[in-house]
Every structure is written in structure tokens, then in C-alpha cells.
There are 2 protein chains.
Amino acid sequence: MSEATAKQGPDTRARILNAAESLFMTHGFEATSMRMITGQAGVNLAAVNYHFGSKDALIQEVFKRRLTELNRDRLSALEAEEALANGAPLKPSKIVAAFFGVSLKMAADTEHGGATFMRLLGRTYTEPNEFVRQFLAEEYAEVVQRFMSALYRALPDVPREEILWRFHFMMGAMSYAIAGTDALKLFAGDFDDKDPTRLMPRLMSFLLGGLRAPLPEEVVESRTSRRDAA
Amino acid sequence: MSEATAKQGPDTRARILNAAESLFMTHGFEATSMRMITGQAGVNLAAVNYHFGSKDALIQEVFKRRLTELNRDRLSALEAEEALANGAPLKPSKIVAAFFGVSLKMAADTEHGGATFMRLLGRTYTEPNEFVRQFLAEEYAEVVQRFMSALYRALPDVPREEILWRFHFMMGAMSYAIAGTDALKLFAGDFDDKDPTRLMPRLMSFLLGGLRAPLPEEVVESRTSRRDAA
DNA sequence: GTATGATTCAAACGATCGTTTGAACAGGAT
DNA sequence: ATCCTGTTCAAACGATCGTTTGAATCATAC
């Protein structure tokens, strides 16, 4: 099964997207050639430019296909919690569970390539490729703004800058959690990743512990600050 | 200053290493060509192959130069704490501070390229490039084993597998913390990264909160487990 | 059947990749 | 002055890159 793995797959477009997603994750964008993609997809070399226009457009399409659905699910999960809360601020654990729970659910889906995509996504946040980041920013704008607002309401005494940072840290932990197994095996040869369903509670405990940790130094400063003008 | 930025720098080898480190961080390994490297270093194209043998060997040398020093400092910090403790188990906060404090100190050094390197290193953990990972594994073997042993002693009631995962999560948070600014600006335009010295206490609070979080589910199971054979 | 539009195909395009070559240049020891 | 060793240089190598081309093939409507 070295080449043309998904030979008699669905239509050409989808075969290309699946092959590209998998290869991008393994080798990165630049190291993945059109010939590798079309070879694994079992289609002609010119098919990519015919269906997508260019390699860059293909990259965008690989992300858009999954990210639109992922962020819609994340917002749905948040709105479901908000509906239950009936106007009251959500508990931080509910907000975190909504965002990262949906993420890990997609990461656990090895059947339809969700796992592959989430690893790719984790790699891409820190990748300074300009046009990919621009695209990610647009796709993420609404969902991040909504979740941050929920967290601001949930933690009114925590400086917003602090929440922003901690959310960022949580994204990093999640990214490594998903990329996880391989990197862990590197410096812990005797490592079992037997039960992937364990990952979710594992990560969630860690994230909530970090989010609710005592604030650093005396940046504590509740809203009734002791000295108003520094 | 478009080309040959470090024109009258030190010797050719160092100029190449500095240029490569910076370009690898910005564009990744594959997207960085030898002509970009030698152009920015202000040296002849053939100089890389003359001094390092190949591009892959150059990549290894870029890592080795910093990583050897970084891991030596991390071990020194751990040993200093162990000397103070006089044989008693270290507090988890001391262990975490030793590992990640040294890391962030290098990341804060924008003068000598430490910041650039740490961003590059964070990207590389999750990069599945085979030969780079192999090399990282070897470089990290001792230091990770030592720190994990310290954590096992510090947290005897926590399953070792759990500690391993949480250490991995901490690495992810640190990686994002260092790559940080750019990624944060993406989905929070109104963001200040004014004071980089704040990052250290920020991250440390989060990491310790995550490390000491309640264990998920009933994996709690102290050493005097209620049922010995499952 | 024939015309029409969408798709696939083999082949080639110029550009750039990492690497190699052999000559030119440097400085110190004999 | 000569030799030797280490280094730099311009030029070229074959391989591979993303993309384009024009003909072949397919499907559908008339």
C-alpha cells in the first residue's frame, strides 16, 4: 500500500484533500510536493492545479474543510452551556470543556482523518508562515472572541490579560497532548499510549488546574484596587 | 539591511549558524534554502558544505550548539536544588522552576539569539522529521530521565504515567508561551506584550496549577490501593 | 450520432533546490 | 621563494520543484 492508498476513494477533490492533509501533517507544507500528494491520492499531477488552482489554495482548502466544522461545533457546545445557565456566568470548567472537549473529540476520530487534522492544526499555530496564519486568524476570530468573553464573565476578578495568556497556555498543552504519543515515546521509551480515552480527563484536569491557579505575584489586584492611579 | 546582515561578524562558521538559526525559525527547515542562509550570512554558497558537510549536518549543529548548553544548565539547576535539599525529595515547584526557569531565561535572551533558538526548539518537538527527532531524543535522554526521577520522588502518590503526561503538557504550554506573542496577537488584536519579564511568573503559576491539579477520575489510587489485583 | 462542457492525462516549462568542482587566495613554516 | 594547508570563490551539476499546455477521454443533452 505504498502508493495510491485511497485508490478507489470518492471523487478526485476529496482524495486530494485527504492525501494532502496526511502528508502535510507528516512532512510539513514545504516538504510535501505535489507529486507526493497526487501520487498518494492516485490522481494525475495536474489535478491539483485543475481543482484548486495552486498548492497554496490547496493548503487553505485543507484547513477550511475541517476548521469551519470544528469551530461551529465549539460554538454550539458553548451556546448549549449558556442556554442551560440561563444568563448566569458559566463555570470555567464548562467553558474549557466546551472548547477543548470538542477539539479532543475530533482528535480522537481516527476513522475520518480528524486525528490527522488536529495534529496538523497544532503544528500550524506556531508556524510563522504568513498567509496560513492570516487565514487561521480569520477563521478563529469569532470563536475566540466568544470564548474569551465567556471566560471574562466567569472570572471577573482575573485580569483579562492573564486569562488571555492562560488560554494560550492551554492551547499549547492541548497541541502537545494531541501530537503527544510520538513525542512522549522519544524520551520515555517504556511508554504505553494504550487507552486514548484516558487523554480527555487527563488533559482536562491539567487545564483546569492551570486556569484556576493562584495569580502570579501581587498582580492579584481585585477590582477594588488599593491604589487607583499607579 | 536586506542581505548580509551580520557582514563583519566573527568567523564564517558562526555567521552561518546564526543565519541558519534565524531562518529556520522563520521559515522552517525545508523552506530555508542554502542560498538564503549564505546570503544572509554574507558568505559563499559553498561555505556550508565546506564547513558542515551538508544541510542536514548544519541543522544538527544549529541544535547541538545551544542544546548542549541548555541541558547542562538545566541539570545544574536541578543539582543545585538537590544539594540544598540534602537527600530529601524536592518540592515539585523547585523541580519545575529548575527546568522551565532555565528554558525561559534562554528564551528571554534576545541579544545572543537564545530567544530565536527557543522558538525553533518549540516548533521542533512536534515536527515529525525523523532524523531531527532522533537527534533531539538523544540530546534529551539524560536530562528528562533525571527530572522525571525527581518528580517521581516528589510525587510518590501520583502514577508515573500521569506525571509523564503532565510534564508533556507543561512542555506544550511552554512552547506556546515562547512562540507566544505572534500567535496571541492573531486572535486578540488589542494585545500588549509589553513586559516580557512577566512571562516567567505567569507561566510558572499555570504550570504548577496544572501539575498539582486533582487527578482525573478515580485514578487517584494511592500506593495502598484498595484492590491489589484489578 | 454529434456537439458541448468537464475532467484526466502525458509531457514539458523555467525556476530553484542541495551539492560538487577546480581554480584562486590566504598565511605560516621550511 | 617555495610549499603546504585551510579557506573562499564563481560556475556548473543533475534532480526536483510548482505550474502550464494541448490533446485525449468522459459524461450529458440534443
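In what follows, chains carry the letters A, B, and so on, assigned in the order in which the sequence lines appear, proteins first and then strands, with residues in each chain numbered from 1.
- Taking atom OH of Tyr50(B) as the reference point, atom C1' of dG22(C) lies 14 Å away to the nearest angstrom.
- Taking CE of Met200(B) as the start and OG of Ser205(B) as the end, the distance is 10.0 Å to the nearest 0.5 Å.
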Pairs: protein N or O with nucleotides 23-28 of chain D N or O, under 3.5 Å:
none

**OP:** Could you walk me through whether Asn18(A) and Arg65(A) pass the side-chain hydrogen bond (donor to acceptor under 3.5 Å, both in side chains) test, one step at a time?
**Re:** CA-CA 11 Å; Asn18(A) 290 336; Arg65(A) 178 174 66 148; 3.0 Å; yes
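- Between the C1' atom of dT7(D) and the CG atom of Asp11(B) lies a distance of 12 Å, rounded to the nearest Å.
- Between the side chain of Thr32(B) and the main chain of Gly28(B), a donor-acceptor pair closer than 3.5 Å is present.
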**OP:** Can you check each nucleotide of nucleotides 13-18 of chain C against protein heavy atoms at under 4.0 Å and return B for base, S for sugar-phosphate only, - for none, in 5' to 3' order?
**Re:** ----BB
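- The CZ atom of Phe100(B) sits 5.0 Å away from atom CE of Met170(B), with the distance rounded to the nearest 0.5 Å.
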**OP:** May I have the step-by-step check of side-chain hydrogen bond (donor to acceptor under 3.5 Å, both in side chains) for Tyr50(A) and Arg13(A), ending in yes or no?
**Re:** CA-CA 10 Å; Tyr50(A) 175 77; Arg13(A) 269 186 64 99; over 6 Å; no
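- The CG atom of Leu151(A) lies 5.5 Å from the CE atom of Met148(A); values are rounded to the nearest 0.5 Å.
- The side chain of Thr12(B) places an N or O atom within less than 4.0 Å of a non-bridging phosphate oxygen (OP1 or OP2) of dT8(D).
- For Arg13(B) and dT8(D), the CZ to C1' distance is 16 Å, given to the nearest whole Å.
- Put simply, His51(B) has no side-chain N or O that comes within less than 4.0 Å of OP1 or OP2 on dG6(D).
- In this view, Glu79(A) and Arg146(A) satisfy the salt bridge (Lys or Arg N to Asp or Glu O under 4.0 Å) rule, not counting sequence neighbours.
- Nucleic acid contact for Ala46(B): base, since at least one base atom lies under 4.0 Å from a heavy atom of the residue.
- Protein atom CG of Asn44(B) is 9 Å distant from nucleotide atom P of dT8(D), rounded to whole Å.
- You'll find the ring centres of Tyr176(B) and Tyr176(A) outside the 6.0 Å limit.
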